[in-house]
Amino acid sequence: MPAYRPEEIEKKWQAHWKAHSTFRAENHSEKPKYYVLDMFPYPSGAGLHVGHPLGYIASDIVSRFKRLQGFNVLHPMGFDSFGLPAEQYAIQTGQHPALTTEKNIETYVKQLSSLGFSYDWDREIRTSDASYYKWTQWIFLKLFNSWYNLDTNRAEPLTALTAHFAERGSEGINAAGDADERQVFTAGQWQLFTEHQKLAAVHPYRLAYQQDTYVNWCGGLGTVLSNDEVKDGLSERGGFPVERRLMPQWNLRITAYADRLLLGLDTLDWPDAVKEMQRNWIGKSIGAEVTFPVQGHENAQIKVYTTRVDTIYGATFLVLAPEHELVNVLTTPGQRVAVDEYIAATKRRSERDRMADVKAVSGAFTGAYALNPVNNEPVQIWLADYVLAGYGTGAVMAVPSGDQRDWLFATHFGLPIPAISDAQKDIDQQADPTKEGRYINSGIINGLTYKEATAKVIAFLEEKGLGKGKVNFRLRDAIFGRQRYWGEPIPIYYKDGTAYGIAESDLPLVLPEIDEYKPTETGEPPLGRAQNWLYKDKYPYELSTMPGWAGSSWYYLRYMDPTNEAHFVSEEAEQYWGKVDLYMGGAEHATGHLLYSRFWYLFLKDLGLVSSNEPFQKLINQGMILGRSNFVYRLNGIWAPYTPSDKTVEAEPPVYISMALLNRINAKTASARDHAILKERLNEIAEVWNALNMPAAELAAIDKPDFLHVTALHVDVSIVDNDVLDTEAFKKWRPDYANANFILEEDGSYVCGWEVEKMSKAKFNVVNPDVLIGKYGADALRLYEMFLGPLEQYKPWNTNGISGVGSFLKKFWRLFHPEDGDFAVTDEQPTPAELKALHKAIQKAQEDIEKFSFNTSVSLFMITVNELTALKSHKRAILEPLVLLLSPFAPHLAEELWEELGHEAGSISTARYPEFREEYLVEDTVTYPIAITGKVREQMQFAAAAPGSEIDTAVLASDFLARFGEGKSAKKVIVVPGRMVNVVV
RNA sequence: GCCCGGAUGGCGGAACCGGUAGACGCGUUGGUCUCAAACACCAAUACCGCAAGGUGUGCCGGUUCGACUCCGGCUCCGGGUACCA
């Protein structure tokens with residue numbers, strides 16, 4: 001075969017791999033296992049752009065490398081196929097989301113296959129298949145039927161709880177969650193409960209539970225919106241008003257696992273940034289809960305949470321969240337109007353808005369007073385939206401001298417700001433939260449240090465029953481329901497208003513067909529449109545569906561045993577594959593998917609269904625590939641000299657000036673030739689300049705313009721090559737460019753400007769991998785994406801460089817086919833130089849892959865091939881191992897050459913990585929120039945020797961030699977001018 | 001504000017444990033081949049300077065015979081996050 005033809009080779013081997021299921025992973029093997037997982041994609045209609053495969057290429061290299069090292073590798077792919085875009089498309093067109101999704105997946109599979117990934121496609125899963133979501137529902141039911149026992153620190157079946165109730169009532173149960181939500185009863189009372197009452201008593205213990213939760217409700221759209229979807233109190237889509245509303249919602253009790261999720265992070269081999277994000281997200285804080293009695297309300301108490309209980313003597317007022325349950329009771333008639341107004345104003349703002357304008361101080365006085373438990377001083381009770389209902393107790397004790405927000409509030413409303421520590425400074429200017437110094441104005445802790453005071457206050461409060469130390473988490477339970485169609489139905493039905501889980505044997509609860517995908521007129525979710533959708537033909541189902549992260553929280557387990565109909569994963573398969581050894585994906589999932597998956601894993605572990613402590617041992621975040629946009633510059637005005645006040649007009653027909661020329665003129669570095677070109681061209685097109693307030697005569701009078709005003713416009717990167725615009729293609733690109741005029745460079749080219757931006761259709765900077773594969777081949781694209789820069793770094797795409805790896809592959813090919821001729825590899829003995837080049841590569845390639853430093857490994861291959869080309873090396877002993885080294889990166893070419901080398905087709909996937917032999921690396925000598933100064937100079941006494949002369953190494957003092965490396969010895973010492981010697985080591 | 005990263009030629013980026021900064025690729029320039037183009041190949045390419053030489057890894061300072069690398073103090077850029085009491 002003459003010349004390297006990637007398209008033929010790639011088609012051939014992709015077909016071979018598919019026909020032979022070459023990358024099928026077996027669940028039983030003598031080999032050690034290795035599980036390489038990619039975050040599975042949502043199959044969007046736009047298909048893949050050149051940024052998407054970056055992580056897939058890297059993980060594929062690792063998979064293929066691990067196979068060469070003798071591992072049984074599991075490398076699966078699937079689709080997160082429930083999601084909003086398909087549903088929105090369905091609302092607009094009536095097309096069933098399943099059809100859209102199916103079509104998109106087809107495109108994805110085709111594109112992924114064309115990159116030559118070594119996925120085991122037999123294990124492909126889709127979260128929207130009933131055979132998959134059956135098990136997502138099954139896990140939900142397990143959560144629904146479990147509670148979290150804090151005594152054993154794990155989730156347990158509800159049967160254990162009800163057994164306890166029957167024997168001893170609610171006493172002695174120590175369960176995760178809010179105790180206030182739960183009833184207190186005796187065993188006798190429990191026995192007398194009706195079924196309905198029993199379920200009501202059990203419900204608040206469940207790990208999947210329904211509860212009234214504040215949500216962003218948009219009546220106009222008939223759905224709950226996430227904080228991202230609300231802007232200025234209006235829905236982002238449609239602009240309908242959004243309000244905070246208490247609605248029943250399904251929640252998962254992730255908070256029960258807060259501590260374990262936090263501790264587990266220390267055992268993981270993850271990027272520090274991701275671990276830190278999860279830590280902040282969980283947000284553990286250690287403090288105290290303090291109870292303030294309310295003056296004149298015998299039964300009312302306000303609980304506050306504080307991390308600075310030592311500052312309690314400085315607490316001159318309390319602030320409640322506007323949603324606080326006691327607000328109504330406490331408000332005095334005189335303050336009623338002000339309070340109601342304030343609450344109404346707060347309701348109109350979404351949580352995000354409240355957080356957005358942090359500077360505006362607002363609040364309302366309830367008229368009521370609480371008593372500071374340490375000194376019985378009356379303190380005013382206020383409302384303010386800077387206190388969040390969802391964190392701590394929804395109430396804070398305000399210490400204006402120590403907390404900046406409290407200080408601002410006190411200053412704004414004229415409340416007192418007493419100092420509490422002798423170390424506080426300038427508290428009339430701002431709060432000072434110091435922990436230094438001794439307490440003042442602080443009753444029983446006057447004169448104490450921070451540590452002593454904290455202990456003493458807590459002891460005092462505990463004794464009086466008005467406070468106790470408490471750990472708090474920022475993490476909140478996860479809202480689990482969505483008022484949408486295209487998701488997993490929640491397997492719950494209602495009997496007399498009570499929620500029941502459907503029987504496991506009735507799973508899956510299949511998503512019913514409906515004729516429209518909008519919410520119903522009465523505001524029910526789309527599932528409310530389903531006809532006769534009843535459990536046992538009697539009981540209505542839950543109408544909300546699961547959120548996007550449900551199916552993705554356990555998919556990696558299903559890959560181990562994807563077609564099992566009896567179990568979500570068989571015990572043997574789970575025990576064999578264990579956890580994911582390498583997980584590759586984007587950093588944007590740091591606090592969503594990665595946290596929920598860990599939560600579900602811990603839960604399954606508590607139930608004895610999985611065997612490790614964490615699901616993902618090592619995590620790599622591939623950096624995003626950004627787009628490189630190109631611009632053309634439309635001329636709007638010409639000045640000589642430039643007067644900024646002049647108006648500009650878009651010339652019609654339009655004139656576009658080349659960026660390089662434009663920049664030279666505006667930077668005043670233009671040559672006489674530049675000006676001549678400009679002038680000549682302007683004269684040619686002068687007749688079209690009338691619209692520019694630039695009559696031809698006036699134009700002709702301008703000799704040397706020194707400023708050109710332009711508008712930069714995005715231009716499709718596919719009609720730009722190396723920043724040079726294809727002007728004919730530009731005219732055809734869009735109708736309004738058909739009559740474009742150009743001012744070109746001297747060589748006749750139009751040079752575009754460029755900028756790095758996110759890839760998006762609107763910026764015309766999306767690069768399609770299919771086009772590049774067609775031109776250079778998948779192997780070249782794979783190599784180039786790796787060559788672009790460090791894997792984890794954000795980097796701009798630039799198609800310009802891909803020709804370099806293209807020619808590298810050609811050179812590699814030519815080592816086997818000299819002069820583009822027939823295959824001609826010899827059995828000659830290799831020379832030391834060839835062996836050295838090879839073994840350097842064997843060693844470094846392995847190191848680089850293990851460090852995920854793929855950009856340097858590609859460089860290494862280029863260097864090696866350059867060396868071998870220079871040596872005219874066409875020897876089997878060198879080239880055969882080299883093919884193996886290259887096979888993870890450029891698998892198609894490697895397979896082809898492997899076959900030409902006389903091996904059975906496809907057998908490279910069972911070959912072994914070549915062994916590194918150190919003896920072939922002849923060490924290079926290194927020369928260190930060493931300055932001769934001070935003591936050394938005296939000792940050596942030869943600084944004055946003639947430059948270039950050699951000195952006996954034995955003369956060197958041992959302490960001098962020690963400076964440039966333990967165990968190294970000088971081979972030669974050469975005197976160079978300037979009190980220096982070169983020491984050759 | 002807080003928490004992470006980062007800063008090296010015209011561009012993307014190399015540089016082991018402190019030891020010749022700029023590997024490799026792109027681009028650019030010159031050349032070979034060709035009727036010509038494309039491909040390919042060869043050579044040059046940090047900056048200033050005709051040269052000798054000098055200057056250079058964001059800035060200021062320190063340690064060291066020697067610093068992109070270590071230490072102290074900044075500047076700028078990117079990402080994450082926040083009335084969390």
Side-chain angles (χ1 to χ4, degrees), chain A residues 3 271-277 279-281 283-285 287 304-309 311 315 319 321 354-361 384-388 390-399 402-406 408-409 433 472-476 587-588 590-591 621 623-624 628 722-723 754 783-784 787-790 792-808 810-811 814 819-820 844 847 853 855-866 869 926-937 960 963-966 968 979-983 985:
Chain A
D272 288 336
V274 175
K275 291 207 257 188
E276 200 54 31
M277 267 188 250
R279 283 191 193 103
N280 291 338
W281 193 259
K284 184 175 185 171
S285 75
V304 302
Y305 177 73
T306 177
T307 53
R308 289 297 300 276
V309 71
T311 63
V319 188
R354 277 167 67 170
M355 292 189 259
D357 55 39
V358 296
K359 278 166 212 144
V361 177
D385 63 6
Y386 80 81
V387 177
L388 304 176
Y391 183 76
T393 59
V396 302
M397 61 175 215
V399 183
D403 182 286
Q404 187 60 20
R405 288 158 308 158
D406 298 343
L408 285 170
F409 195 83
N472 225 329
F473 292 94
R474 195 184 83 98
L475 185 70
R476 298 188 216 176
E588 66 272 21
T591 51
N621 293 131
M624 196 188 293
R628 189 174 186 278
N722 269 334
D723 290 336
W754 61 273
L783 278 166
Y784 185 57
F787 183 65
L788 218 46
E792 301 189 60
Q793 194 169 297
Y794 277 56
K795 47 195 172 279
W797 177 261
N798 183 354
T799 305
N800 295 353
I802 195 170
S803 63
V805 293
S807 47
F808 156 74
K810 270 182 229 163
K811 281 184 214 167
R814 276 195 214 108
E819 309 296 320
D820 275 352
K844 182 118 198 310
E847 274 172 24
S853 177
N855 56 329
T856 53
S857 23
V858 177
S859 295
L860 166 80
F861 292 139
M862 291 181 176
I863 295 167
T864 307
V865 166
N866 285 346
T869 303
V926 186
T927 305
Y928 301 104
I930 300 208
I932 310 299
T933 56
K935 195 174 124 200
V936 174
R937 189 173 163 207
F960 179 68
R963 282 201 206 137
F964 50 95
E966 287 291 323
K968 284 185 181 173
R979 292 188 178 174
M980 301 273 285
V981 291
N982 275 342
V983 180
V985 176

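Below, read A as the first sequence line, B as the second, and so on, with proteins coming before strands; counting in each chain starts at 1.
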Handout entry: Nucleotide nearest Tyr391(A) (side chain, heavy atoms from C-beta), chosen from C4(B), C84(B), G25(B)
Key = C84(B)
Roughly how many Å apart are [M] and [N], using the [atom1] atom of each and rounding to a whole number?
{"N": "G66(B)", "M": "U20(B)", "atom1": "P", "result": "15 Å"}
{"N": "G10(B)", "M": "U63(B)", "atom1": "P", "result": "32 Å"}
{"N": "G9(B)", "M": "U29(B)", "atom1": "C1'", "result": "16 Å"}
{"N": "A15(B)", "M": "C68(B)", "atom1": "P", "result": "16 Å"}
{"N": "U32(B)", "M": "G54(B)", "atom1": "P", "result": "37 Å"}
{"N": "G80(B)", "M": "C74(B)", "atom1": "P", "result": "26 Å"}
{"N": "A23(B)", "M": "A43(B)", "atom1": "P", "result": "15 Å"}
{"N": "U57(B)", "M": "G61(B)", "atom1": "P", "result": "13 Å"}

Exercise for the section: Scan Val304(A), Val396(A), Thr393(A) and name whichever one has a side chain to side chain contact (heavy atoms under 4.5 Å, CB included) with Val387(A). Expected result: Val396(A)
Round to a whole Å and report the spacing from [atom1] of [X] to [atom2] of [N].
{"X": "Lys811(A)", "N": "C41(B)", "atom1": "NZ", "atom2": "P", "answer": "5 Å"}
{"X": "Arg628(A)", "N": "G12(B)", "atom1": "CZ", "atom2": "P", "answer": "10 Å"}
{"X": "Phe808(A)", "N": "C24(B)", "atom1": "CZ", "atom2": "P", "answer": "14 Å"}
{"X": "Lys810(A)", "N": "C39(B)", "atom1": "NZ", "atom2": "C1'", "answer": "6 Å"}
{"X": "Leu788(A)", "N": "G12(B)", "atom1": "CG", "atom2": "C1'", "answer": "7 Å"}
{"X": "Phe787(A)", "N": "A23(B)", "atom1": "CZ", "atom2": "C1'", "answer": "10 Å"}
{"X": "Asn621(A)", "N": "G5(B)", "atom1": "CG", "atom2": "P", "answer": "14 Å"}
{"X": "Arg279(A)", "N": "C2(B)", "atom1": "CZ", "atom2": "C1'", "answer": "16 Å"}

Completion exercise
When rounded to the nearest 0.5 Å, the distance separating NZ of Lys811(A) from CG of Asn866(A) is 4.0 Å
Exercise for the section: Supply the atom-to-atom distance Met397(A) CE to Thr306(A) OG1, rounded to the nearest 0.5 angstrom. Expected result: 4.0 Å
Practice task
Determine yes or no for a side-chain-to-main-chain donor-acceptor pair under 3.5 angstrom, with Tyr391(A) supplying the side chain and Arg474(A) the backbone.
Solution key: no
Exercise for the section: Using modelled atom types only, decide if a donor and an acceptor are shared between the side chain of Lys795(A) and the backbone of Gln793(A) within a distance under 3.5 Å. Expected result: yes
Tell me the closest heavy-atom pair linking [X] and [Y], and the distance in Å.
{"X": "Pro271(A)", "Y": "Asn621(A)", "value": "CG-OD1, 3.5 Å"}
{"X": "Gly392(A)", "Y": "Tyr305(A)", "value": "CA-CB, 4.3 Å"}
{"X": "Ala398(A)", "Y": "Val319(A)", "value": "CB-CG2, 4.1 Å"}
{"X": "Ala590(A)", "Y": "Met277(A)", "value": "CB-SD, 3.7 Å"}

Hey, is the side chain of [X] poking within less than 4.0 Å of OP1 or OP2 on [N], counting only N and O atoms?
{"X": "Asn472(A)", "N": "A85(B)", "result": "no"}
{"X": "Gln793(A)", "N": "G13(B)", "result": "yes"}
{"X": "Arg405(A)", "N": "C84(B)", "result": "yes"}
{"X": "Tyr386(A)", "N": "A85(B)", "result": "no"}

Exercise for the section: State plainly whether the residues Arg279(A) and Glu276(A) are in salt-bridge range, i.e. N to O under 4.0 Å. Expected result: yes
Exercise for the section: Could you tell me if the ring centre of Trp797(A) sits under 6.0 Å from that of Tyr784(A)? Expected result: yes
Problem - Earlier contact from the 5' end, RNA chain B, for Gly801(A) and Thr856(A) - result: Thr856(A)
Fill in the blank from the handout: Judged by nearest nucleotide, the residue sitting upstream toward the 5' end of RNA chain B, Asn280(A) or Asp403(A), is Asn280(A)
Within the structure shown, what part of the strands sits under 4.0 Å from [X] by heavy-atom distance: base, sugar-phosphate, or nothing?
{"X": "Pro790(A)", "value": "sugar-phosphate"}
{"X": "Asp406(A)", "value": "nothing"}
{"X": "Ser807(A)", "value": "sugar-phosphate"}

Using a cut-off of under 3.5 Å, enumerate the N/O to N/O pairs linking the protein to nucleotides 76-79 of chain B.
none

Problem - Base-pairing string, 5' to 3', of RNA chain B - Watson-Crick or wobble, under 3.5 Å, | interstrand - result: (((((((..(((......[....)))((((((.......))))))(((....)))..(((((..]....))))))))))))....
